[in-house]
Amino acid sequence: MFLFIHLPALTRTILIVAITILTLLGIMTRPFKLNEAMCALGGAGLLLILGLINPASAATTLLGDGNTFFFFLGLMSISALAEVAGFFDWLAMQAARLAGNSSRRLFLNIFLLGSLISMFLSNDATALILTPIVYTLVTRLRLPVLPFLFACTFIADTASFLLPVSNPINIIVISRFPMDLFTFARLLTVPCLVVIAINVGVFSLLYRGQLRGRFDIKRLPNLDTVIKSQGYFRYTCTILALVAVAYVVASALMIPLSLVALSGALLLLIGALCWKQVTILAMGKQISWSIFGFIAGMFVVVRALEDTGLTTQFGQLLLHLSGNTRLGSVLVGTLGAAAGTNLINNVPMAVVLNSALGGVQHVSPSVHLGFVAATIFGCDLGPNLTTVGSLATVLWLLILRRRNIDVSGLDYFKVGVIVTPLMLLAGALTIWLLLP
Amino acid sequence: MRLLCCLDGSNIERISNAVTSFFPSERLTTTLLYVTDSGPHGDIGLQRERFLRPHKPGPMRREQMREADESSAQDILEEGLRYFPGADTLRREGRPEREIVNFAAEWNADLIVICPRSPQSGGPVLGPKSVGHVARFVLDHAPCAVLLVRTHVRRNATQA
């Protein structure tokens, strides 16, 4: 609408900022049962209708971020098709069998399993697929449920920067600031191993009393109940192994990871259709399509904000706060990203920081790299502080508690507050030590 | 006397010993209650929302979780029947502390038998926080007498 009316730059900026704030508030509070995608798309739509962003500019932004969209699609499809094969159930049962009837060893095995799943199939797979499987497993084994659920929830994010594919956030950032595999491994994989060790250590200490017992493996059902087709299961294992190798090779050669994810998903889909394990319609229902709307909306909103020059100024502010030093860049980047992910959600926070980092100029490559690594690190690990979502969710849980309604979500928050700051600090210092 | 025994999967022996020693010759009408905690299901839902997914897992996973809950509860109640032959058994789902109190009121229980906390929960056996949140709520809200069955702990004179 305003596309045809000349608006003073200040008015445009005020309108864009107001719409951005409204969009973020909508994502945080989800009013009128609106989901995050509706809020993000609503904000983007409003900007387009009011002519505050050029449609061509919005389209260019979305097309330019195609790698992110296709990666999300491939990733969700691979996880869903592997789930159909019973792959995750099989892994969880192996973890139980290898624990030798010891609760403590099972606990460690779940951490290891969660790390491996996050590493190759992303944190989504660990949090969304492994968690209910582990719940079923420990319930059948009559073990205390909460420590194991905490383990799944936390390790999903803690292990989500072992590889670029371990978290879609990594793809969002790396698409804009390409990073070769060696640099990623040095600046993020090594700190990830450090924070995994801290996570396992602190949790083992916190739950030592609950993990003393032993369990009877005979309580678990036969493996045949989870693997419906041996042929498709073996095929899935083979394809997943190939996809894992391809991810590492593609990361090393800096080939778009969406190509690997989509190819893997296509091969699995062909197998699932051949073995009659899934239909196209059922597969479509397994994909969370609203995520694409959410990301697309956020990309457009942040692009409009970027055009005002505000994100550049935000980037300059971050640089100023860091004192233009390597340690400063890592600490400011980590704390800013972690705080932001808990205030809104890690996807919008990563998009905003991405844009802000684009405005960080006239700095040494080392300081810039520190900011990029810290953004990935903070956005990936930060959500562990308020694992139930964002601060808005925590506040909602606190209100429920005040009304004498018990909610164990707050227990997650209590644990997150203990372990996450420790991991953030240790990880940030490790990144700083490893910066060139 | 209407006795409501609250099982948690690890306390049946202690409850049985306590009932036998306190009411050796009394005529008892006993119900064994096991409550499947719905809290973890809610937590999984919140976690899914954080990843922008619907609150509930897919139907296959929900069914798997329901089956696990049911088989575990059945197992625990059957174990209870070996100690209390002829007792009624009941499985409920929800927040354990609330379900116990509500059922005690509905059933007109004369006595609730409960352990302060499961040994698996890792809390202290004696002293502050030795009574877990479920038992604490039952003690505070029960509509009848409550028998809190502690683990027998021998303490030497200096500790006492």
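Values below: every heavy atom of this structure, side chains too, minus hydrogens, waters and symmetry copies. All chains are named by letter (A, B, ...) in the order of the sequence lines, taking the proteins before the strands, and each is independently numbered beginning at 1.
Contact count versus chain B (heavy atoms, under 4.5 Å) is highest, among Arg208(A), Lys285(A), Glu83(A), for Glu83(A). Chain A forms the most heavy-atom pairs under 4.5 Å with one residue out of Ala68(B), Ala73(B), Gly42(B), and that residue is Ala68(B). Note: Leu128(A) leads Leu141(A), Ile291(A), Asn35(A), Leu128(A) in heavy-atom pairs under 4.5 Å with chain B. The candidate from Met65(B), Arg53(B), Arg48(B) with the greatest count of non-hydrogen atom pairs under 4.5 Å with chain A is Arg53(B).
The shortest distance between side-chain heavy atoms of Asp69(B) and Tyr135(A) falls below 4.5 Å. In this structure, the side chains of Glu79(B) and Arg142(A) come closer than 4.5 Å at one or more pairs of heavy atoms.
Classification of Asp89(A) and Arg61(B) as a salt-bridged pair holds, one side-chain N sitting under 4.0 Å from a carboxylate O.
Environment of CD in Glu106(B): crowded, with over 12 heavy atoms of neighbouring residues, nucleotides or ligands closer than 6.0 Å.
Here Thr136(A) contributes atom OG1 and Gln64(B) contributes atom CD; the two are 5.0 Å apart, rounded to the nearest 0.5 Å. Distance check, rounded to the nearest 0.5 Å: CZ of Arg140(A) to CG of Asp75(B) gives 10.0 Å. A distance of 12.5 Å separates CG in Asp43(B) from SG in Cys152(A), rounded to the nearest 0.5 Å. For the atom pair OG (Ser72(B)) and CG (Leu143(A)), the distance works out to 10.0 Å, reported to the nearest 0.5 Å. Put simply, CG on Asp157(A) and CZ on Phe51(B) are 5.0 Å apart, with the number rounded to the nearest 0.5 Å.
In this structure, chain B has heavy atoms under 4.5 Å from both the backbone and the side chain of Thr139(A). The contact between Arg219(A) and chain B is made entirely by side chain atoms (from C-beta outward), counting heavy-atom distances below 4.5 Å. Contact of Leu149(A) with chain B is made through the side chain alone, with heavy-atom distances under 4.5 Å. Neither the backbone nor the side chain of Val347(A) comes within contact range of chain B; no heavy atom of the residue lies under 4.5 Å from a heavy atom of that chain.
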